[in-house]
Number of protein chains: 2
Amino acid sequence: MSATVTLMQVAREAGVSPSTVSRILNGTANVTPDKRERVEAVIHRLNFTPNVQAQALANGRSFSVGVLTQKLSSAFYGETLAGIEQGLEGSAYHPLVVSGHWRAKQEQQALELLMRRRVDALIVLGGVIEDAALQRVAAQVPLVAVGRAVSGLPERCVLIDNHAGIRQVVHHLAGLGHRDIAYIGGDEAQQDAVERRVGFEATLQEAGLSVNPHLMRCGDYTEASGERAAEELLRSGVPFTALVCANDQMAFGARLSLYRRGLRVPEDLSLTGFDDLFSSRYTTPPLTTVHQAVNELGQLAAETVLRLLAGEQPHMSPYVPQLVIRESTGPAPHSPATGGS
Amino acid sequence: MSATVTLMQVAREAGVSPSTVSRILNGTANVTPDKRERVEAVIHRLNFTPNVQAQALANGRSFSVGVLTQKLSSAFYGETLAGIEQGLEGSAYHPLVVSGHWRAKQEQQALELLMRRRVDALIVLGGVIEDAALQRVAAQVPLVAVGRAVSGLPERCVLIDNHAGIRQVVHHLAGLGHRDIAYIGGDEAQQDAVERRVGFEATLQEAGLSVNPHLMRCGDYTEASGERAAEELLRSGVPFTALVCANDQMAFGARLSLYRRGLRVPEDLSLTGFDDLFSSRYTTPPLTTVHQAVNELGQLAAETVLRLLAGEQPHMSPYVPQLVIRESTGPAPHSPATGGS
DNA sequence: CTGTTAGCGCATTCAG
DNA sequence: CTGAATGCGCTAACAG
């Protein structure tokens, strides 16, 4: 653990004042070539790296943007984080990531941690913390929310048009002749879960089909819950020819449940997801789902934050996700699967 | 953006000295109840939060441990990150994550960034940067590497016994009667990729089987590469009854390729992976693979770092992963699949 | 128990 | 163009 080199040491070693070294470091002012060379040589020789904390303290900015995510192990948010990282690249700002685990209290603590680190801006991915808490921090630093609308902060939310997404799914299935369509929704504590369900029901009617409460189930966005819900649906005996899941993970779980019962996809039953996780391309059969450009959304959030930091007032418009038709959907069979027998 | 409150302001407002406030904040010394109450009231009223940068500067520690990962969107490392976060929880230290994207140059930059942020310790996940670079930073701060051996830094590497893992796979398959076993390896720039391949070949011989170079292919750990390699294998016409993949993702890709050709798993062909990603439980059929307790490895790394920070010298022993037999492996069929037809 | 005094490492006035 | 002086916000001796 060799002692860490300071700007002051560099200055002494090079026979100049600390200010000169600082100027060279930041290109704040011109310096005679010979001094510059001398200093740079010393910097290199001593392997000096400026202390970011000190810089932050001195000029009032930490050059870091806090990111509140929910789970580091989530494929969905992981991709968004990658997008944010990418969007910030080249910009002097760096992301500082903390997770809230979908727990309001932890999200609150995470926000406090970020504020103590004096992040220059904030990006919030989903979460269940109250809008009021977000408004409070938004009063201190520029804040951009992804995938959730925060009241009082329009133009600061990168929104996804869930309704439009699920609508495409239903019309696709209806077009294939499906009339009995089952649905597995997500935890309605999350905004998008209710938007998707409402969109599903609305489109059903739009397509001249009726909502059958016996074909509606609720999961929590995990594979296990999807498997369980599909199991229940099948066991209930109520016939259906297509199964719409509110996200890909639950579709994966449902897929397993169908496999267990020997039901073929899409011959016996059509299956759809939402999100288009990377792995959805590799399920058997590849999953028909709604593509969200998660990475791009992350980049967009990053760019928006950068723009906000630069004093601009960016305009946001909701992102319309697109249906990707792969191989898990097909024409409705004549005799609906019930799973019975 | 309201001006940010400082400790000094709190002190003035409460009619005490800054040191007193500091003492209350850190519990460094006793303070009379009345003063304490007064100060805490002011802190609350002004919504004061200490500036971590300033604290770091003042006491020489940033209370952050840098984490060099490769891809934020990776399911594998994501789980490890979650483990690290968990392991650090409650410890005053917080993770600072940066990605290297498996590019030596970017990894180097990431390390520099972390050093400039004056992290108190470092956790490195995989990567392709030279050992020398890691040794250099290890000279400045405690360093723990996960999933890679760094020369000169034994006892600082959380290692996985890849050989033992792949060995279980081969013996499992041999026990099922498979004699023609194909292999899809990873990019050999990564240590574990070569360890797994070498382990595969060694165990084959150990089991009395011979290594058939025509059944060996190389991917890069991605689904796409697994699909491609399986395709080649099948097209080559060389018969085999089992396909061992060096990681789960490639197994997913291979699975799709088999599906495309109408080959049943495990009736026509047995398939195995390595890692036991969460989603491997949900493929159809669920994948037989080698379980790595990735989350736990992350926690272990975090605890080790904490121990190092506390001045202890922890002892490391390689982690032995365990085979998880699910449904993608079965008895060898009588007539091997060749994919030709 | 508590206030005063010095820095921590750097950027930035302000004079030369 | 460059050095000296100041302060960023906080902690840690050091005296009371």
Side-chain angles (χ1 to χ4, degrees), chain A residues 1-40 42-43 46-64 92 115-120 140, chain B residues 1-40 42-43 46-64 92 112-113 115-120 140:
Chain A
M1 321 288 155
S2 59
T4 134
V5 188
T6 73
L7 180 149
M8 180 69 101
Q9 294 176 34
V10 173
R12 266 204 281 272
E13 197 81 11
V16 300
S17 78
S19 348
T20 302
V21 179
S22 172
R23 287 193 261 259
I24 294 182
L25 240 44
N26 307 296
T28 316
N30 280 336
V31 174
T32 27
D34 70 312
K35 278 188 199 265
R36 146 170 262 112
E37 273 174 39
R38 230 182 324 145
V39 171
E40 280 172 345
V42 176
I43 286 182
L46 265 45
N47 189 25
F48 164 74
T49 50
N51 182 328
V52 176
Q53 337 258 8
Q55 291 182 313
L57 199 55
N59 55 32
R61 289 190 302 175
S62 66
F63 288 104
S64 62
M115 294 313 285
R116 273 188 287 132
R117 295 252 180 210
R118 295 295 189 271
V119 294
D120 297 324
Q140 319 230 46
Chain B
M1 321 294 153
S2 60
T4 136
V5 188
T6 73
L7 179 148
M8 180 69 101
Q9 294 176 35
V10 173
R12 264 201 284 271
E13 197 81 11
V16 300
S17 78
S19 349
T20 303
V21 179
S22 171
R23 287 193 262 258
I24 295 182
L25 242 42
N26 307 298
T28 316
N30 280 336
V31 175
T32 27
D34 70 313
K35 279 189 201 267
R36 149 171 258 112
E37 274 174 39
R38 235 184 318 147
V39 170
E40 281 172 345
V42 176
I43 286 181
L46 265 46
N47 189 24
F48 164 74
T49 49
N51 182 327
V52 176
Q53 338 259 9
Q55 291 181 313
L57 199 55
N59 55 34
R61 289 190 301 176
S62 66
F63 288 105
S64 62
E112 276 162 20
L113 170 65
M115 293 313 284
R116 274 188 287 132
R117 295 251 184 216
R118 294 294 188 271
V119 294
D120 297 324
Q140 319 229 47

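Within every chain, numbering begins at 1; the chains are lettered A, B, ... in the order of the sequence lines, protein sequences first and strands thereafter.
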Protein-nucleotides 11-13 of chain C N/O pairs closer than 3.5 Å?
from: dA11(C); atom 1: OP1; to: Asn26(A); atom 2: OD1; distance (Å): 3.4
from: dA11(C); atom 1: OP1; to: Asn26(A); atom 2: ND2; distance (Å): 3.2
from: dA11(C); atom 1: OP1; to: Gln55(A); atom 2: NE2; distance (Å): 2.9
from: dA11(C); atom 1: OP2; to: Ser22(A); atom 2: OG; distance (Å): 2.9
from: dT12(C); atom 1: O4; to: Ser19(A); atom 2: OG; distance (Å): 3.4

Original post:
Can you list the residues that meet the side chain to side chain contact (heavy atoms under 4.5 Å, CB included) rule with Arg12(A), with sequence neighbours excluded?
Top reply: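 Counting only residues at least two positions away or on another chain, Arg12(A) forms a side chain to side chain contact (heavy atoms under 4.5 Å, CB included) with Met8(A).
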Original post:
Does a side-chain N or O from Asn51(A) land closer than 4.0 Å to OP1 or OP2 of dC10(C), or not?
Top reply: no
Original post:
So, is Thr6(B) close to the dG9(D) phosphate, meaning a side-chain N or O under 4.0 Å from OP1 or OP2?
Top reply: no
Heavy-atom side-chain contact between [X] and [Y] under 4.5 Å:
X: Arg118(A); Y: Thr49(B); answer: yes
X: Val21(A); Y: Val16(A); answer: yes
X: Val39(B); Y: Val10(B); answer: yes
X: Asn51(B); Y: Thr4(B); answer: no

**OP:** State whether a side-chain donor-acceptor pair under 3.5 Å links Ser17(B) with Thr20(B).
**Re:**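 A pair is found: one side chain offers a donor N or O, the other an acceptor, under 3.5 Å apart.
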Would you kindly give the [atom1]-to-[atom2] distance between [X] and [N], to the nearest whole Å?
X: Gln9(A); N: dG9(C); atom1: CD; atom2: P; answer: 8 Å
X: Gln53(A); N: dG9(C); atom1: CD; atom2: P; answer: 11 Å
X: Arg116(B); N: dG9(C); atom1: CZ; atom2: C1'; answer: 15 Å
X: Phe63(B); N: dC10(D); atom1: CZ; atom2: C1'; answer: 13 Å

Original post:
Once you build an axis from the first five pairs and another from the last five of the helix from dC1(C)-dG16(D) to dG16(C)-dC1(D), how far apart in angle are they, to 10 degrees?
Top reply: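 So the angle between the two local helix axes works out to 40°.
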Subject >> Glu112(B) and Arg116(B) ion-paired at < 4.0 Å >> reply: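 No, no charged N to carboxylate O under 4.0 Å.
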Subject >> Option from Arg36(A), Arg38(A), Glu37(A) for which side chain to side chain contact (heavy atoms under 4.5 Å, CB included) with Asp34(A) holds >> reply: Arg38(A)
